There are 2 protein chains.
Amino acid sequence: MSAPVRLLLADDEHLIRGALAALLSLEDDLLVVAEAASGPEALAMARAHAPDVAVLDLQMPGADGVKVATSLRTELPGCRVLIVTGHGRPGHLKRALAAGVRGFVPKTVSAQRLAEIIRTVHAGNRYVDPELAADAISAGDSPLTAREAEVLELAADGAPVAEIAERAALSPGTVRNYLSSAVTKLGAENRHAAVRLARERGWV
Amino acid sequence: MSAPVRLLLADDEHLIRGALAALLSLEDDLLVVAEAASGPEALAMARAHAPDVAVLDLQMPGADGVKVATSLRTELPGCRVLIVTGHGRPGHLKRALAAGVRGFVPKTVSAQRLAEIIRTVHAGNRYVDPELAADAISAGDSPLTAREAEVLELAADGAPVAEIAERAALSPGTVRNYLSSAVTKLGAENRHAAVRLARERGWV
DNA sequence: CCCCGCGCATGACAAATGTCAGCACCGGGC
DNA sequence: GCCCGGTGCTGACATTTGTCATGCGCGGGG
């Protein structure tokens with residue numbers, strides 16, 4: 001019998017985090033050593049406790065799960081990262097894998113499954129939810145170039161072109177060109193519908 | 001010693017629902033008699049099991065917590081409804097209370113608190129998270145008229161004026177007038193920023 | 001080496017949008 | 001009875017946005 005798997009749990013919803021901690025603690029090969037309610041807190045906890053596996057919510061205040069994973073990758077290479085998410089957007093999965101995340105599961109799985117997946121990840125294997133993986137594959141790669149995506153993101157809150165141009169340090173005309181090409185590529189009616197589509201596919 | 005409080009749990013995230021069920025079952029005066037993963041399923045379960053308290057997530061597929069609460073109010077008047085939510089928008093709280101909901105709490109509370117609140121609600125009292133209540137009061141009432149809100153909602157997915165006009169059975173000019181007045185009232189830069197603001201305040 | 005795609009820009013034009021004024025009808029409150 | 005606010009429409013105008021052509025420099029792949 002080997003030592004228990006030491007876990008870090010990070011989720012901004014106390015209810016979920018606490019419940020999860022309680023359930024996972026029922027498994028005798030799992031041990032929750034730290035909890036966090038935000039991205040920065042998760043990083044601090046990870047540094048302090050050096051867990052074997054970090055279970056991170058995708059959406060947290062401060063820094064999202066992928067950002068935390070990126071930092072952990074260099075600071076604690078031995079710590080495997082498992083992302084759990086409510087609404088899995090295809091693009092998030094891709095970015096997460098690029099950040100060295102070892103597992104990616106929706107919150108629709110049961111606690112038993114999660115415990116198994118934690119063991120899988122701890123053993124050095126990867127686990128990606130099959131449905132999310134299928135979505136990601138069928139959604140394909142983002143057709144947007146880096147600048148197009150950047151400009152589209154700045155357009156997300158409904159700002160006028162002039163403001164986007166200023167914030168991106170680009171000419172207003174250039175901004176309109178990028179927006180236009182992004183809208184065309186996404187087959188949207190206008191930039192706002194394009195933002196919505198790109199968000200749905202996780203491309204922004 | 002009275003009979004235990006019979007609970008219905010509804011949340012689309014299996015992980016949370018299961019964890020919650022396990023934690024609440026630790027309290028010996030609480031009994032989870034049914035679970036559901038969607039709005040319609042929650043209604044069906046409520047009809048079948050007639051719980052004392054229904055704990056509903058605000059955002060569920062099919063029908064949201066407030067819609068379910070509205071239906072339950074007439075079908076099962078004896079069933080108290082408690083809404084839990086991840087991101088509490090001020091307007092949601094108002095609509096929930098109008099639908100006869102007895103409790104409204106964010107998912108940031110601990111399971112112990114939740115158990116207490118369930119008892120409070122079951123006893124016939126109301127409970128609203130103080131922070132959410134403060135937000136709702138400071139956000140105030142929606143300054144939008146019924147039509148303004150309706151048109152703004154149709155504009156939410158970035159549809160052009162012509163499409164909004166058709167879907168609302170209004171003249172395009174009228175649609176633009178309503179949008180303009182909504183944008184002015186909300187102090188937004190354009191309709192899309194207005195949609196975002198109205199969403200944040202829970203006015204749409 | 002040459003071509004192509006990307007980044008960045010300008011200019012011009014058409015279309016959509018935002019803003020304003022004005023008019024009509026209805027219903028509720030004083 | 002009168003006024004006011006909400007609803008609905010038109011027309012006119014300025015501004016913003018969307019689209020397209022065109023140009024230049026750069027870097028990577030064939």
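Reminder, nothing fancy here: chain letters follow the sequence lines and each chain counts from 1. The structure presented is a predicted model; accordingly, all values stated were derived computationally and were not measured. Just so you know, these numbers use all the heavy atoms, side chains as well, and skip hydrogens, waters and symmetry mates.
- Remark: C1' of C:dG7 and CG of A:Leu152 are 17 Å apart, rounded to the nearest angstrom.
- Across all strands shown, B:Ala146 has heavy atoms under 4.0 Å from sugar-phosphate atoms exclusively, and none from any base.
- Of the residues in residues 166-180 of chain B, those placing a heavy atom less than 4.0 Å from an atom of DNA chain D are B:Leu170, B:Ser171, B:Gly173, B:Thr174, B:Arg176, B:Asn177, B:Tyr178, in numerical order.
- If you measure from atom NZ of B:Lys185 to atom C1' of C:dG18, you get 16 Å, rounded to the nearest angstrom.
- One finds no side-chain N or O of B:Thr145 lying less than 4.0 angstrom from the OP1 or OP2 phosphate oxygen of D:dG5.
- Side chains of A:Tyr178 and A:Arg191: no donor on one and acceptor on the other come within 3.5 Å.
- Side chain of B:Arg147, nearest nucleotide from C:dG7, C:dT17, D:dT7: D:dT7.
- Counting heavy atoms of neighbouring residues, nucleotides and ligands inside a 6.0 Å radius, atom CD of B:Glu131 does not exceed 12 of them.
- Here the P atom of nucleotide D:dT7 and the CG atom of B:Leu144 are 11 Å apart, to the nearest Å.
- Atom NE2 in B:His192 sits roughly 7 Å away from atom P in C:dT17 (whole-Å rounding).
- Nearest-nucleotide mapping onto DNA chain D: of B:Glu148 and A:Gly158, the residue sitting toward the 5' end is B:Glu148.
- Contact check on A:Arg201 versus A:Asp135 returns no salt bridge, with no Lys/Arg side-chain nitrogen under 4.0 Å from an Asp/Glu carboxylate oxygen.
- Regarding B:Ile164, its CD1 atom lies at a distance of 17 Å from the C1' atom of D:dC9, rounded to whole Å.
- Environment of CD in B:Glu75: crowded, with over 12 heavy atoms of neighbouring residues, nucleotides or ligands closer than 6.0 Å.
- Although no hydrogens or angles enter the test, the distance criterion places a donor-acceptor pair under 3.5 Å between the side chain of A:Arg196 and the main chain of B:Asp157.
- In this structure, A:Arg191 places its CZ atom 11 Å from P of C:dT17, rounding to the nearest Å.
- Ion pairing of B:Arg80 with B:Asp52 is absent here, as no side-chain N (NZ or NE/NH1/NH2) approaches a carboxylate O to less than 4.0 Å.
- Remark: B:Ser71 OG to B:Arg47 CZ distance equals 7.5 Å, nearest 0.5 Å.
- Put simply, CD on B:Glu189 is 10 Å from P on C:dT19, counting in whole angstrom units.
- In this structure, A:Glu163 atom CD and D:dT17 atom C1' are separated by 15 Å, rounded to whole Å.
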